[in-house]
Structure formats: structure tokens, C-alpha cells
Amino acid sequence: MPISVRLPDDSVREMPDGATGTDLARGISPRLLDAAFAIRVDGAVQDLNSPLKDGSKVAVITSKDPESLDVVRHSTAHLLAQAVQRLFPKVKVGIGPVIEDGFYYDFLVEKFFTPEDLEAIEAEMRRISEENVPVVREELEREDAIQRFGAMGEPFKVELVSELPAGVTISGYRQGDFYDLCRGPHVPSTGKLKAFKLLHTAAAYWRGDEKKAQLCRVYGTAFHTQKELDEHLRRLEEAKARDHRKLGRELGLFSFHPEAPASPFFHPKGTVIYNELVNYMRQNYLREGYSEVITPQALDVSMWKTSGHYDKYQENMYFTEVEEKEYALKPMNCPTHCLIYGTGKHSYRDLPIRYADFGRLHRYERSGVTQGLTRVRTFCQDDAHIYCAPEQMKVEMASFFAFIMDVYHTFGFEEIRIQLSTRPEKRLGTDEMWDLAEGSLADALKEAGLAYTINPGDGAFYGPKIDFSVLDALKRPWQLGTLQVDYSMPSRFGLTYVKPDGSEGTPVMLHRAILGSLERFMGILIEHCAGAFPVWLAPVQAAILPITDRVHDYAKQIQSKAMELGIRVELDLRNEKVNAKIRDAQLLKIPYMLVLGDREAASGQVSVRHRYQGDLGAQGLDDFFAKIKEEIRVRAR
RNA sequence: GCCCAAAUAGCUCAGUGGCAGAGCGCGUCCUUGGUAAGGACGAGGUCGCCGGUUCAAUCCCGGCUUUGGGCUCCA
């Protein structure tokens with residue numbers, strides 16, 4: 001009985017019964033067979049060698065289809081495992097999934113792999129690729145699989161098989177001397193795997209559980225062509241060159257010291273950036289109707305018991321004792337704002353009340369998880385809490401969305417991702433409250449014309465939330481802003497407002513931040529702009545570079561004029577040639593260089609060089625100052 | 001917290017069981033220059049901290065500290 005399948009161009013092809021994707025591809029053209037990695041059958045990706053079913057829609061997947069890359073990477077992970085088992089027969093295999101930008105495979109090893117081991121493994125992988133070993137799928141019964149992997153001495157695989165849900169098809173893949181439990185699909189033979197590279201090793205726990213065995217994870221990546229692989233490796237290099245920890249040191253922005261682990265020390269230049277960020281937010285707050293408050297650093301634990309932090313957040317808090325009273329450093333500002341709100345009676349006419357706070361926060365992070373500026377133990381948020389009546393939520397949310405998008409655009413973040421997290425299983429409050437809160441968030445997003453995805457059940461126990469992520473210049477996502485609805489804390493603190501009818505209501509509290517942690521934001525910004533800050537943020541906005549010491553006095557005049565105008569300049573009086581001074585200013589990514597020689601001193605001008613555009617020629621001093629002032633005022637990117 | 005790795009001049013890094021090294025940076029001098037590195041000389045170090053082995057430790061061993069890569073994107 002012949003079967004027929006439908007191709008993507010809607011043509012129908014007749015095949016003999018038992019024909020596979022390989023037969024189909026070969027039938028269409030030998031070149032297609034050569035280019036084929038897998039097939040898509042009724043939407044699901046399958047092995048090229050899987051038998052075709054009558055009446056199905058089939059497409060041959062080549063390197064042009066995005067799915068093919070995952071297949072290649074997954075198969076390369078198997079190639080890695082095969083190479084490891086050839087070189088290190090005692091090693092037990094864990095899992096080897098595809099991840100963003102590559103794959104990894106976990107191994108239980110006697111001795112952690114060294115970089116030299118990785119080289120040897122990679123060489124072995126190339127050998128297997130050249131051998132062009134066929135990759136063959138088998139389906140098996142659970143008991144057979146357990147027995148088989150047990151006989152192979154692979155305890156992790158046995159564990160996985162036993163825990164697979166009933167009813168799923170269990171499959172294994174054989175390639176030469178290697179056999180692995182795997183859902184597939186895979187490339188038809190190892191010769192299809194050509195452009196791959198092992199990157200590094202790291203420890204990982206079996207199934208991410210620190211009580212379970214520690215495995216040696218090998219990370220790698222694979223592409224269709226060497227060219228794409230090289231491009232990817234180049235991007236990794238680029239990311240390394242932009243690393244904010246490296247740039248922070250080179251540009252003199254901040255340092256870290258063992259005296260306060262994971263806590264940045266901002267140097268004068270880093271402090272300029274930090275303060276500019278705060279100034280910028282303050283300016284926005286004026287327009288948006290926020291009032292800034294200042295609240296204490298160390299607070300009695302009784303308050304943290306009221307707020308719930310003592311119960312739910314204690315492990316991340318720092319405690320101290322004075323006069324037999326226990327205090328905690330604040331990890332969040334919200335409870336202190338509730339105390340301020342509670343000092344007076346509030347009418348519905350007073351709402352919304354928006355308290356902003358640039359207070360320093362301390363959170364204990366486990367020693368292994370801190371990282372540069374992006375994960376620290378002390379930081380400051382552009383934090384604010386909005387107290388409003390439930391019916392005001394939607395309007396507040398809408399204006400917040402406009403606000404946050406405006407801020408992100410100022411920094412040159414064009415692509416923004418929004419996630420709405422809805423009610424979790426364990427939660428406070430009535431369903432009506434949740435309906436209102438989630439509905440308000442969703443409506444406000446829709447009315448603002450913002451696309452978003454939903455994270456069902458991922459909201460906080462006290463209310464739903466929205467997270468905002470930006471993509472930086474290297475297209476890496478970073479979560480920055482957040483908007484959380486909180487029904488719980490206002491009532492815990494007994495906060496009320498008087499409604500129009502004279503009865504008392506409990507306000508809703510919105511927690512919100514735009515930049516998130518200023519420390520983390522600065523780290524992201526450094527990497528986003530590779531240390532070349534827009535003029536308004538640049539620690540040094542212009543370098544004054546005299547060519548000869550005959551013009552030092554003129555240079556000093558320009559310096560004082562700039563200081564009067566509030567422009568940050570640096571005067572380079574070193575006994576160096578102008579080329580050297582320009583080079584050094586360029587390396588510090590200073591936006592403007594003012595080159596001064598006898599000509600400029602005589603005419604009262606400055607020769608302007610821009611860090612990207614190069615020599616802009618001579619300009620009148622006032623012209624230059626007017627232009628740079630304007631650039632700063634509008635916060636040009 | 002756990003695993004692996006690193007820690008040597010301000011920075012980047014080399015090196016050795018027996019006097020501590022380079023490049024850049026810094027200082028002084030010569031040079032006074034026109035849009036990405038002029039030249040000479042010089043200063044600068046408890047080789048992260050504590051202990052052990054040794055005639056001798058920056059180097060070998062142990063502990064600690066900090067930093068870095070990671071610790072489910074589930075066959």
C-alpha cells in the first residue's frame with residue numbers, strides 16, 4: 001500500500017509504505033538529502049530516518065530552518081558524550097540538553113576535566129565526526145530501558161527512565177559505540193556535525209539539587225558553518241571586552257575590596273554617573289508627581305515582623321543588636337514608607353500618594369552568587385511606592401508605562417520585553433481583588449499598546465506583577481523595571497483612607513522601579529555602551545589638550561569657563577605630544593577633545609575633536625559650549 | 001553554601017625550592033609638537049593572609065580571604 005504525504009508547497013507525493021524522510025528527501029533531490037537535518041511532520045520535528053505516515057504534512061528541515069540548529073546542537077552534545085566515554089570509560093553521563101547559544105553535557109567524573117582534557121575531547125569529537133557514524137533511533141519499553149542502562153552502569157539514566165511519566169514513548173539513540181537515552185530528534189549521522197567548539201567546564205549538581213551528586217558540566221556550542229561559529233566566538237570576545245568589571249577598572253569608575261565583599265566602592269568618576277542617574281530620576285519625579293522621602297537604615301525587627309520580611313526574607317537580611325534591641329538593615333524601603341503613610345489621616349482626595357526613596361539597601365547574598373555590579377550586597381534602587389484607591393490603579397499603571405518607556409528610550413534601549421505574572425496557588429486576598437488587579441494591569445498594557453507575555457502563577461503571594469526587560473547592544477536581555485500590586489502590606493500596617501461616603505478603605509500599594517538597582521543598571525549601561533557614555537553621563541565630558549605649554553594659560557581659562565558652566569572637563573597638562581594626549585582621551589572614551597595651539601589661542605577658538613567623528617575643525621568657544629550644553633540638556637544619546 | 005580555577009609592581013601578565021621580571025602606567029630630564037603612542041633615566045614588591053614541610057618557600061602541603069566560571073534553559 002503506497003502512502004502519500006503533503007509537502008509545504010501543497011504538492012502531494014506518493015511513497016512506498018515504510019518510506020522515511022531520507023527517502024523523501026532523496027526522491028526530491030540528492031542535494032536536498034545532503035542538506036537535510038531532520039523532517040517536520042505535522043509540526044513536530046522528527047529524525048530524517050523516521051518512517052512517514054500516510055496523509056501527514058511533511059517538510060524537510062535544512063540549515064535554513066531555525067529548528068535545525070537545535071538538532072545540530074543536541075547531536076553535538078551526544079558527540080561530546082561519545083568522545084568523553086571513549087577517552088574516559090569510567091565516566092557516567094548525566095543530561096545533555098540544548099541551551100541558548102549552544103549545549104552542555106553533565107558527567108560524573110573522578111577528576112574534573114582540565115582545559116587540556118577539553119582539547120583532547122574536542123579532537124576526539126572531530127574524529128567521530130569524520131568517521132561519519134550513523135545515528136539510529138530505537139524505541140524501547142521502560143523495563144528494557146532500565147535494564148539496559150543498568151547494565152551499562154549508567155545510574156542517572158536509570159533514574160531518568162524510571163521517572164518518565166507513564167505513556168510516553170521511551171527512545172534511545174545509538175551512534176557506533178555510544179548509546180544514550182534521548183527524546184531526539186538527531187542528525188542522521190555524525191558527519192553532519194562540523195562547526196563546534198567546547199567552551200568551558202563548570203560544576204553542576206545532578207538535577208540542580210545541591211544535596212545530590214556534583215557533576216562536571218561541559219559547555220559547548222555548535223553552528224551550521226565555521227563562519228557562523230567564528231562570528232559567535234567573536235561576539236563572546238566582544239562581550240568580554242565590554243565586561244563592566246574590566247571597564248570599571250580601566251575607566252576608574254569603581255573598585256571592590258575584601259573589607260566589604262560584593263559591595264562596590266564608587267570612585268569620583270563612577271559617582272558622577274551614579275549621581276547623574278539619580279538626578280535624572282529626580283527630574284522625572286517632579287514631572288510625574290512623586291515626593292521623595294528619606295528613611296532609616298537600621299530598623300527594629302518588630303517592624304520587619306509587621307511587614308512579613310522577618311518571616312519570609314530573614315535569610316537575606318543583616319541583623320545587629322544595640323541596647324538589647326534587635327535591628328535589621330533594610331533590604332527594601334516599603335515598610336518605612338508605610339510608617340510615613342500611617343502618620344496622618346488620608347482622604348481619597350489625597351491619593352495617589354507616591355513616595356520615592358533612593359535609600360541604600362542591604363541584602364545578604366550567598367557568597368557564590370555575587371557578581372560585579374550586577375549582583376551585590378548593598379545597592380540603591382530608584383524605588384517608589386504608590387498608595388492609591390483600587391479604582392485608581394489603572395490610571396497609575398498607564399502613566400507608569402509611559403514613564404518607564406520614556407526612560408528606557410533615553411538610554412537607547414529600543415527593544416523592551418514585558419511579562420505579566422498572574423496569581424500563584426498560594427496567595428492572599430479574594431479572587432475579586434486578583435481579578436481587579438490582573439485586569440487593571442492587562443488593560444493598562446493593552447491601552448498603552450504594549451505587547452506582553454503572561455507568566456501564569458508567577459506573581460507574588462500579595463499581588464500580580466509586571467517585569468520589564470531590555471535588550472542591550474549585544475541583544476542580551478536584562479530585567480530592569482517592575483510594577484507590583486500589593487494588597488497585603490497596607491493592611492498589615494493598618495493603613496487607611498477616608499472614602500467619599502465617609503467610610504474607611506484600605507489603599508492598594510504599588511511597588512515600582514524603573515532602573516531597578518542603580519548599581520546593576522550602571523553595570524548594564526557600561527556594557528551597553530562599551531564604556532562610551534552619552535555626554536550627559538560621561539564622567540569627563542571634554543578633555544582640554546594643549547599642544548604646547550605656550551597655551552597653558554589659555555587652556556586654564558577654558559577650563560574655568562567650563563567649570564562655571566557646569567561642564568565636566570579635564571585639563572591634560574602633561575609633557576606629551578598631542579597625538580599621545582588624543583590617544584589617551586580616546587581610550588577613556590571622552591566624548592569631546594579640545595585641541596589648543598597657538599592658532600586657537602590667537603583667535604580665541606577651540607579645535608574640536610569628537611570621539612567618533614574625529615576632527616570637527618575650529619569653533620568659537622561659546623559656540624562649542626552652547627552645543628555641548630544643549631546636548632547635555634536633552635540627554636542626547 | 002557547594003565544585004573548579006585564579007591571586008606576583010597601579011594595570012596586563014611572565015617566572016623560579018636559593019639576588020623578583022617584562023610591557024603599559026607613574027616620576028624626573030631632554031624635547032614644544034597640529035588630531036590614536038617622541039626619547040633617555042628613575043622610582044615602585046612582606047609574590048593575598050595564617051600555619052606546616054625544608055638548611056632555605058613567592059614556588060611544595062594545609063587552612064582562610066577575595067575574585068572569576070558555574071550550580072535544570074530538565075532524557
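In what follows, chains carry the letters A, B, and so on, assigned in the order in which the sequence lines appear, proteins first and then strands, with residues in each chain numbered from 1. For clarity, every value in this text was computed on a predicted model and none was experimentally measured.
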Would you call the rings of [X] and [Y] parallel, tilted or perpendicular, taking 30° and 60° as the class edges?
X      : Y      : answer
A/W206 : A/F156 : tilted
A/H186 : A/H74  : tilted
A/H78  : A/Y105 : perpendicular
A/Y274 : A/F266 : tilted

- Query: Looking at A/Y318, does the NZ or CZ of A/R363 lie under 6.0 angstrom from its six-membered ring centre and within 45 degrees of the ring axis?
  - Reply: no
[N] pairs with which nucleotide, Watson-Crick or G-U wobble, both distances below 3.5 Å?
N     : result
B/C19 : none
B/A57 : none
B/U35 : none
B/A6  : B/U66
B/C26 : B/G42

Quick check: do A/V72 and A/L193 have side-chain heavy atoms less than 4.5 Å from each other? yes
Side-chain atoms of A/A204 come closest, of B/A75, B/A36, B/C71, to B/C71
Checking B/U32, B/C26, B/A75 against the side chain of A/C182 (C-beta onward), the nearest is B/A75
request  = Write down the distance separating the C1' atoms in B/C50 and B/U12, rounded off to the nearest Å.
outcome  = 29 Å
query: Hey, does the side-chain of A/E600 have a donor or acceptor N/O within less than 3.5 Å of a partner on the base of B/G34?
result: yes
Look at the side chain of A/S607 and the base of B/G34, then say whether one donor and one acceptor between them are separated by less than 3.5 Å. yes
Nearest-nucleotide check on RNA chain B, A/G617 vs A/T548; residue mapping nearer the 5' end is A/T548
Report which part of the nucleic acid [X] touches: base, sugar-phosphate, or nothing (heavy-atom distance under 4.0 Å, all strands).
X      : value
A/Q371 : sugar-phosphate
A/I170 : base
A/R550 : sugar-phosphate
A/V369 : base
A/V578 : sugar-phosphate
A/R574 : sugar-phosphate
A/D598 : base
A/I95  : sugar-phosphate

In A/E631, A/R611, A/R609, the residue satisfying side-chain hydrogen bond (donor to acceptor under 3.5 Å, both in side chains) with A/Y592 is A/E631
[N] [atom2] sits how many Å from [X] [atom1], rounded?
X      : N     : atom1 : atom2 : answer
A/D106 : B/C71 : CG    : C1'   : 9 Å
A/L573 : B/C26 : CG    : C1'   : 17 Å
A/L140 : B/A75 : CG    : P     : 16 Å

Given [N], is OP1 or OP2 found less than 4.0 Å from the side-chain N or O atoms of [X]?
X      : N     : result
A/R217 : B/C71 : yes
A/R249 : B/U12 : yes
A/Y104 : B/G69 : no

Whether the side chain of [X] engages the backbone of [Y] through a donor-acceptor N/O pair (distance < 3.5 Å, no angle test) should be reported.
X      : Y      : answer
A/T20  : A/S50  : no
A/S129 : A/M125 : no
A/K581 : A/R574 : yes
A/R217 : A/Y104 : no

5' to 3', nucleotides 38-47 of chain B under a 4.0 Å protein heavy-atom cut-off (B base, S sugar-phosphate only, - none) gives B---------
Could you run down the sub-3.5 Å N/O contacts of the protein with nucleotides 3-6 of chain B?
{"from": "B/C3", "atom 1": "O4'", "to": "A/Q214", "atom 2": "OE1", "distance (Å)": "2.6"}
{"from": "B/C3", "atom 1": "O4'", "to": "A/Q214", "atom 2": "NE2", "distance (Å)": "3.1"}

CZ (A/F88) and CZ (A/F113) are apart, to the nearest 0.5 Å, by 5.0 Å
Per the O4'-C1'-N9-C4 / O4'-C1'-N1-C2 angle with a 90° window around 0, B/C19 comes out syn
Under 3.5 Å, which protein N or O atoms sit close to an N or O of nucleotides 61-67 of chain B? Give each pair with its distance.
{"from": "B/U67", "atom 1": "OP1", "to": "A/A262", "atom 2": "N", "distance (Å)": "3.0"}

